[in-house]
Amino acid sequence: MVQRKLKIRDLTLRDGQQSLFATRLSQAEIDKLLPYYENAGFYIMEVWGGAVPDSVMRYLDESPWDRLRIISKSMKGKSLLSALSRGRNLFGYVPYPDYVLEGFYKEAIKNGLNVMRIFDALNDIDNVKESIRLINSLGGIADGAVCYTVDPKPEAPAEKPGFFGRLFGKKAQEPEKIFTDEYFVNKAKEMEALGAKIITLKDMAGLVNPLRAASIISKLKANLAVPVDFHTHCTPGYGLASALMAILNGVDILDTNIWWFGGGSAAPAIELIYIFCKKLGIELEANMEAVGEIRTRLRGARESLKAYDLGKMPREFDPLKDTLPAEIDALFDTAIAAAKNADEEALLEACHAIEAYFEFPKPNEIVKNAEVPGGMYSNMVAQLKSLGASDLLEDAMKLIPMVRRDAGLVPLVTPTSQIVGSQAVSVALDRKKGQPDYSNPSNQFISLVKGEYGHTPVPVDPAFREKITGSPVEKPYDVSSYKKPANPTLPEFGNVPLASNREEELLLELLPTVANTFLRKRREQEYKAKAPEVKAEEKVEVSAPVEPVTGPALNAPMGGRIISVDVKAGDKVKKGQLLLVYEAMKMENDVTAERDATVKRILVAPGEIVGTDAALIEFED
């Protein structure tokens, strides 16, 4: 009998560090690991995409393209390299025309990328089909990811007063189930028909409980000819148990992290999966000795990230050398027996005891009960804290099902998780101020409801769409209206263009704000390295006295960062005219004139951070 094999996609260098350490792992730390990764025998290494292109420019002043090239050169083709992209949105929030997709994928494959995992936040097949075609045509491997999500919990009606009101009051109605096993299988079959060479069940929030993992994975295996991959997180406490269930139900590829970057809000640790596979007689396709070499050095990498490390280090463990206490070893047997008997309660109890022994984080009960991604929850906490409204967290969390239903029952994955979470915070603030719900919809929420992100799992109510967008008619994004960002000449740095090659032009297209700052620094560094040192005369600048605001003013509805100012002093503006755009809670918001007026002074500049109720524009009396 041929021994069954399990392939591994290692997430350590991308999703692992993104989930646990805010994507702050520097190239210098990665370089220390690469000589050992070369011989680790992973089928796939996820090293790019997700938050990497943004974060390495924004926080580390590094080039995303350099990162991909360096890793590719070091691996010498021994493991496939993969990235994560949002289909037509790539890494941004804007649906791009096909020529941008093609240019990006061509450069990525040229620089060493093999596998592109393609997902769409709405599971809209129209948004991934061109990416699948392009990746295949350019010599890459298209990995179609179906985003797992759950139906929101039913909203309980308001309780009627009195005993008989409680006894005979209307019960909460169970809404129609949308996200059935068949829903995910049908999406997977559509992707396979379009040419996907791998299908991933992508459980970004870790909400696939073990029995559901067994059910969906077994049906995917029965209905697909291509390999099936399972991606999950341990945040709510299901990850390890659900990974075991996926293995027992025939999954071909499993996503894992190496010890110090595993567990908690990341995927399960490969070391624990190795023990399960050994007991099951399944060959885990990885060189565990090389994994041990990486693990030894990965601890130092984690220690270098202590400023971003919110968790506790797990207990040190080497599955090739360390002997487990008999009672802990028995827990692995108990978990396997429970999984085979479909005893979910016993399976979870055993897996939680295993994780507790190794001192991995406990399940996050808030995330589990709210059924939202951990990153979405932490973003909401941070947003409310920055607004001085942390007391509204519970209210905002309770609003998520309503906002999600209103927006077409969208799955909660980037970017929709951020859009829905921020809008729930905004509605909570509306209610606190006594304003109607959705008084301050973000530009992204407007685009989502309008239809610009694609087809939602259930149609948006036309009356709600009219309330948010001004029209009841669904309007898809018009890619012909896409405007390529300018690539200006920089006279201050010797009249060179901001982006000096196609790679840098693509960074400007995908992440314009971050890339602009990053590339300006690069051009400045190059100019200073070439130009002779010129000492300018020191000037003492005297600040002009600040003139108080005496006329009517436009104030910021909430704190944020100014993105653009679209008027100037002296302009006569009409009611409804765009005045400026600011970013709050990672969402862009248009601010328009409330009446006809004449602009007296602009009080802010692009890039400036402003607080809630800060004066932005002063008008003539």
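By convention here, the first residue in the shown sequence is residue 1.
Between His231 and Tyr148, every side-chain heavy-atom pair lies at or beyond the 4.5 Å cut-off. Under the 4.5 Å side-chain criterion, counting only non-hydrogen atoms from C-beta, Leu60 is not in contact with Leu25. By the 4.5 Å heavy-atom criterion applied to side chains, Leu201 and Phe230 are counted as neighbours. In this structure, Gln17 and Glu29 have side chains that are not in contact, with every pair of non-hydrogen atoms separated by 4.5 Å or more. Contact annotation: the side chain of Asp126 approaches that of Lys129 to within less than 4.5 Å [non-hydrogen atoms, C-beta and beyond]. A heavy-atom distance below 4.5 Å is not found between the side chains of Thr23 and Tyr59.
Here Glu192 does not pair with Lys189 in a salt bridge; the nearest charged N to carboxylate O distance is not below 4.0 Å. A salt bridge does not link Asp229 with Lys202: none of the charged nitrogens is closer than 4.0 Å to a carboxylate oxygen. Salt-bridge formation is detected for the pair Arg9/Asp143: a Lys NZ or Arg NE/NH1/NH2 atom is positioned less than 4.0 Å from an Asp or Glu carboxylate oxygen. Ion pairing of Arg117 with Asp15 is absent here, as no side-chain N (NZ or NE/NH1/NH2) approaches a carboxylate O to less than 4.0 Å. Remark: Arg404 does not engage Glu371 in a salt bridge, criterion side-chain N to carboxylate O under 4.0 Å.
Taking the six-membered ring for Trp and thresholds of 30 and 60 degrees, Phe464 and Phe445 have ring planes more than 60 degrees apart, a perpendicular arrangement.
Partners of Tyr477 under the ring-ring contact (aromatic ring centres under 6.0 Å, His included) rule, at least two apart in sequence or in another chain, do not exist in this structure. Every residue was checked against the salt bridge (Lys or Arg N to Asp or Glu O under 4.0 Å) condition with Asp10, not counting sequence neighbours, and none meets it.
Note: Ile178 CD1 to Thr149 OG1 = 11.5 Å, rounded to the nearest 0.5 Å. Note that the CG atom of Leu81 and the CD1 atom of Ile141 stand 10.5 Å from one another [nearest 0.5 Å]. Taken to the nearest 0.5 Å, the CG atom of Asn111 stands 13.0 Å off from the NZ atom of Lys106. One distance of note links OG of Ser63 with CD of Glu503; it measures 6.5 Å at 0.5 Å rounding. In this structure, OH in Tyr43 is found 4.5 Å from CD1 in Ile198, a value given to the nearest 0.5 Å. Separation of atoms CG (Leu305) and CZ (Arg24) is listed at 9.5 Å; rounding is to 0.5 Å.
With 3.5 Å as the limit, one finds no donor-acceptor pair spanning the side chains of Tyr377 and Asn364. Remark: the Ser131 side chain and the Tyr105 side chain contain an N/O donor-acceptor pair separated by less than 3.5 Å. No hydrogens or angles considered: nothing links the side chains of Ser426 and Asn440 as a donor-acceptor pair under 3.5 Å. Checking Asp203 against Tyr238 by side-chain atom types alone, no donor-acceptor pair falls below 3.5 Å. For the residue pair Glu509 / Tyr482, a side-chain donor-acceptor distance below 3.5 Å is found, with atom types taken as modelled.
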**OP:** Using the salt bridge (Lys or Arg N to Asp or Glu O under 4.0 Å) rule, take Glu62 and Arg67 through it: C-alpha gap first, then chi angles, then the decisive distance, then the call.
**Re:** CA-CA 8 Å; Glu62 295 177 2; Arg67 176 161 295 196; 2.9 Å; yes

**OP:** For Lys73 and Met75, run side chain to side chain contact (heavy atoms under 4.5 Å, CB included): C-alpha distance rounded to whole Å, both residues' side-chain angles, the deciding distance at 0.1 Å, then the answer.
**Re:** CA-CA 6 Å; Lys73 184 178 179 181; Met75 291 307 300; over 6 Å; no

**OP:** Any chance you could lay out the side chain to side chain contact (heavy atoms under 4.5 Å, CB included) test for Met380 and Ile400, step after step, and finish with the verdict?
**Re:** CA-CA 11 Å; Met380 292 174 70; Ile400 290 172; 3.8 Å; yes

**OP:** Mind running side chain to side chain contact (heavy atoms under 4.5 Å, CB included) on Asp181 and Arg212 for me, showing each step along the way?
**Re:** CA-CA 8 Å; Asp181 289 1; Arg212 194 79 197 274; 2.8 Å; yes

**OP:** Given salt bridge (Lys or Arg N to Asp or Glu O under 4.0 Å), test Glu182 with Lys219 step by step and report yes or no.
**Re:** CA-CA 8 Å; Glu182 288 67 34; Lys219 288 175 184 173; 3.6 Å; yes

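Heavy atoms of other residues, nucleotides or ligands lying less than 6.0 angstrom from NZ of Lys221 number more than 12. Around NZ of Lys78, the count of heavy atoms belonging to other residues, nucleotides or ligands within 6.0 Å exceeds 12. The number of heavy atoms from other shown groups lying within 6.0 Å of NZ (Lys187) is above 12.
Between the side chain of Thr235 and the main chain of Gly206, no donor-acceptor pair closer than 3.5 Å is present. Put simply, the side chain of Ser55 never gets that close to the backbone of Val52: no donor and acceptor are under 3.5 Å apart.
Checked against the 6.0 Å centroid threshold, Phe104 and Tyr96 do not count as a close aromatic pair.
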